[in-house]
Novice: 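Pasting a structure below so you can have a look.
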Amino acid sequence: MPGLDINEISSLQQTLNAALDAIKDEIRLGELPDLSSTATSPHPLDDPNVLVSPRLFEARRLTLASIGQIKYLLQVPYEKVVEQSLAPYDAATLDIFIRTGIVDIILANPRGASLEQISSDLDLHPHKVRAVLRHLSIQGWIREVSEDVYCANRSTLTLRPGQSGRQWAMTKGKGKVAGSLLDMITHPHWKHSTSITHTAFQLGHNTDLSIFAYNKEHPAELKQWATSVKTLGSVYEEALFHDYPWKSLKSTSFVDCAGGQGYLSISLAGILPSAHFVVQDLPEVISLTRENMKRENPSAVENGRLQAHPADLFKPQTVAADTYVLRYILHDWSDNDCVSILKNISLGAKPTSKILVIDHVASPAIVSRGASADDGRHIELDDLAGCKDYTTISAPPFIPKNFGAYSYMPVALGTHLMGAFNARERTLTEWRAIVDEAGLRILRVKALRAKTSVIELGF
Ligand SMILES: C[S@@+](CC[C@H](N)C(=O)[O-])C[C@H]1O[C@@H](n2cnc3c(N)ncnc32)[C@H](O)[C@@H]1O
C-alpha cells in the first residue's frame, strides 16, 4: 500500500510485543500482582518509590514509547490537530475534578458514585459534571461502570488528599504561563533575552517580578509551589538513594545548595549517619527549612549534623565541603546563570570536592532505523534479565532516542521551565558546554529509575 512503511509497523509491533513479554515475565519473577484497570488498590508499578527490576522499568519505558509511535503512525493528522488544540481541557477537567471535590465523592463510594448523587451533593449542573467525567474517563482517571455511574481506579488514588499527584495538581499558574508563551518568544524586546524576568510568567501574571520574587510576596502561593516541587523530589527518592552509590562517595560534609525545605538532606542524613549537612536557600525559605528539620530529625539539628543557612547561589560559596548537591536547580536558570552558580560554588570548594547535579538529562528525539544510544553502548531489554544494577537500554529501531511519548513529562516540564524561568531541560551536550565554561569536568552520569539522573562534576 503506497505510503505505508510495513517495516516500521512490523518493527514497532515486535518491540511492543517484546516489551510486554518482558513485563509479564518480570511480574511473574517478582511475584507481583497482575495489572488490572479495575483494581482499586495501588500496584507496585504505580509508586515510583517502589523500585521495580531494571528490566521491568525499561520494558515499561519501551512499551509507552512504542504505543506513542504506533499512535503517530496511525492517527489522522487533522484529528491530531483538533485533539492537541483541545489539550487545555485535559488540565481544566483534572482541575475541576479535584477542586470541586468530585474526586473525593468517587473515592468515598467504592461501588461507584452516580452523576445524580455527585451533582446534588455538590450543587452542580449534571450536564456539566457529566462532560467533565466523560473527559476524565477516556483519559483513564476513572471508570464509567454503568451509564452515569463512576468508579475510582488505580490512577485516581494519586489524587487523594496528601498524595503526590494531588499536591502537584494544586499548584496553579501553568495555564497562565502557557497562554503567554507565544508573546514571550515573539516579544519585540525580550525575544533574545534569557533573563528570568523576561518570561511568559511576567506577561501572564502582569508583574515585573521573577517567579521567586513574586512567590516571596505571595506566601500562600510560595507554600503551595514548594509543596508541589517537593513531590518531584520525594517520588524519586528511593531511585536516587538506591541507584546512585552515596556511600562510596565517602563524603562527610554536604552542602545542599538551594536545598529548599531541606527534604533531600533530611533523608540523606538518615542513610549517611556520620555525614554533616548544610542546607542553603533564600532567607524567606530557610525559616521553613529549619522548622522542617526540627520536626523530622530533632537530634541531628541539636548536634549540628543538620543545619540551614541563608545563602545566595550568585554569591561565592562560604562553606568548604566534600560534596555540593544541586537538585532541580540548574534547570531553573539560563546557561550564563548556571555557569555563574557553578563558578561561585567552585570558589568555596576544595580541589577534591564533587558537585552533584540532580536533574533531567534530555536526549534528542532522533529516530533511527537501527538501535541507538547516547553513549554508543548497545544494551537490549533481555541484557537486563536478572540484573540488579540499573542501566538504560538503547532505543530500538523507530523508537526515538528520548523514548518519545514516555518522555512527555520532562519534555513538557522543560517547556514550562522556559515559560516560567527562561530555562530548560538540557541534553548531555548542553550540560557539557556549561560545565566546561565553568572550568569543571563531568566525571560520570548515573541514570536513575526516575525522570532524573545524577551528573557528577569535579575539578
Ligand atoms: C525547584 S526548588 C528546588 C529545591 C530543592 N533543591 C529540592 O530538590 O527540593 C528551587 C530552589 O531554589 C531556591 N532559590 C532561588 N533563587 C535562589 C538564590 N538566588 N539563591 C539561593 N536559593 C535560591 C528557591 O527558593 C527554591 O527553594
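Ligands are counted one by one from 1 in listed order, and the atoms in each one are counted from 1 as well. Hydrogens, waters and symmetry mates play no part in the numbers below; they use all other heavy atoms, side chains included.
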Novice: Specify the protein heavy atom at minimum distance from atom 5 (C) of ligand 1: its residue, its atom name, and the distance to 0.1 Å.
Specialist: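 For this ligand atom, the closest protein heavy atom is A258 O, 3.4 Å.
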Novice: Is it the case that atom NE2 in H242 sees more than 12 heavy atoms from other parts of the structure closer than 6.0 Å?
Specialist: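 No.
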Novice: Using distance alone, decide if ligand 1 has a nitrogen or oxygen within less than 3.5 Å of any nitrogen or oxygen in D332.
Specialist: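 There is no such contact.
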Novice: Does a sphere of radius 6.0 Å around CG in N206 hold more than 12 heavy atoms from other residues, nucleotides or ligands, not counting ones at 6.0 Å or beyond?
Specialist: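 It does not: N206 CG has 12 such atoms or fewer within range.
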Novice: OH of Y408: more than 12 outside heavy atoms within 6.0 angstrom?
Specialist: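 It does not: Y408 OH has 12 such atoms or fewer within range.
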Novice: Heavy atoms only, cut-off 4.0 Å: how does V285 contact ligand 1, side chain, backbone, both, or neither?
Specialist: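 The side chain, only.
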Novice: Is there a polar contact between ligand 1 and D256, counting only N or O atoms under 3.5 Å apart?
Specialist: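 D256 vs ligand 1: no N/O contact under 3.5 Å.
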Novice: Kindly indicate whether the side chain of L313, heavy atoms from C-beta on, has any atom under 4.5 Å from the side chain of C257.
Specialist: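 L313 vs C257: side chains touch.
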Novice: So if I count the atoms of ligand 1 from 1 in the order they appear, which ones are less than 4.0 Å from some heavy atom of D312?
Specialist: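 Within the 4.0 Å cut-off of D312, ligand 1 contributes 18 (C), 19 (N), 20 (N).
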Novice: At a 4.0 Å threshold, what atoms of ligand 1 neighbour a non-hydrogen atom of V229?
Specialist: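 Near V229, the atoms of ligand 1 are 1 (C), 2 (S).
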Novice: Given Q261, H331, R327, identify the one with the heavy atom nearest to atom 7 (C) of ligand 1.
Specialist: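 Residue with the shortest heavy-atom distance to the ligand atom: R327.
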Novice: Tell me whether ligand 1 is touched by A311 - counting only heavy atoms on the residue side and a distance under 4.0 Å.
Specialist: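 It does, in that a heavy atom of A311 comes within the 4.0 Å cut-off of ligand 1.
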Novice: Say whether Y263 and ligand 1 are in contact under the criterion: heavy-atom distance to a ligand atom below 4.0 Å.
Specialist: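 No; Y263 lies far enough from ligand 1 that no heavy-atom distance drops under 4.0 Å.
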Novice: Hey, which of R99, R166, R160 is the one that makes salt bridge (charged side-chain N to carboxylate O under 4.0 Å, His left out) with D104?
Specialist: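 So the option named by the test is R166.
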Novice: With D322 as reference, evaluate H276, K354, K350 under the side chain to side chain donor-acceptor pair (under 3.5 Å) test and give the passing residue.
Specialist: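 For D322, the side chain to side chain donor-acceptor pair (under 3.5 Å) check succeeds only for K350.
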Novice: To check your reading of the model: name the closest protein heavy atom to atom 23 (C) of ligand 1, its residue, and the distance in Å.
Specialist: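 Going by distance alone, atom 23 (C) of ligand 1 is nearest to L282 CG, 3.6 Å.
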Novice: Would you please indicate if the ring centroids of F212 and W333 are separated by under 6.0 Å?
Specialist: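 Between W333 and F212, which both carry aromatic rings, the centre distance is below 6.0 Å.
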Novice: Decide whether an N or O pair under 3.5 Å exists between L313 and ligand 1.
Specialist: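 Yes, L313 has an N/O under 3.5 Å of an N/O on ligand 1.
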Novice: Hey, is G233 one of the residues with a heavy atom under 4.0 angstrom from ligand 1?
Specialist: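 Judged by the 4.0 Å heavy-atom criterion, G233 does not count as contacting ligand 1.
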Novice: To check your reading of the model: name the closest protein heavy atom to atom 1 (C) of ligand 1, its residue, and the distance in Å.
Specialist: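 Result for atom 1 (C) of ligand 1: Y328 O, 3.3 Å.
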Novice: Could you give me the CA-CA distance, side-chain angles and deciding distance for H135 and Y89, then say whether ring-ring contact (aromatic ring centres under 6.0 Å, His included) is met?
Specialist: CA-CA 8 Å; H135 195 116; Y89 293 100; 7.2 Å; no
Novice: Examine K446 relative to W246 and say whether NZ or CZ is less than 6.0 Å from the centre of the six-membered ring and inside a 45° cone about the ring axis.
Specialist: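 Here K446 fails the 6.0 Å and 45° test against W246.
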Novice: What residue and heavy atom of the protein are closest to atom 24 (C) of ligand 1, and at what distance?
Specialist: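 Sorting protein heavy atoms by distance from atom 24 (C) of ligand 1 puts D281 OD1, 3.5 Å first.
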Novice: Is any side-chain heavy atom of L107 closer than 4.5 Å to a side-chain heavy atom of L157?
Specialist: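 Side chain of L107 against side chain of L157, heavy atoms only: contact under 4.5 Å found.
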Novice: Looking at I329, which atoms of ligand 1 are within less than 4.0 Å of one of its heavy atoms?
Specialist: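 So the atoms of ligand 1 that pass are 3 (C), 6 (N), 10 (C), 11 (C), 12 (O).
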Novice: Please identify which atoms of ligand 1 are closer than 4.0 Å to at least one heavy atom of W333.
Specialist: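 Heavy-atom distances to W333 below 4.0 Å select 16 (N).
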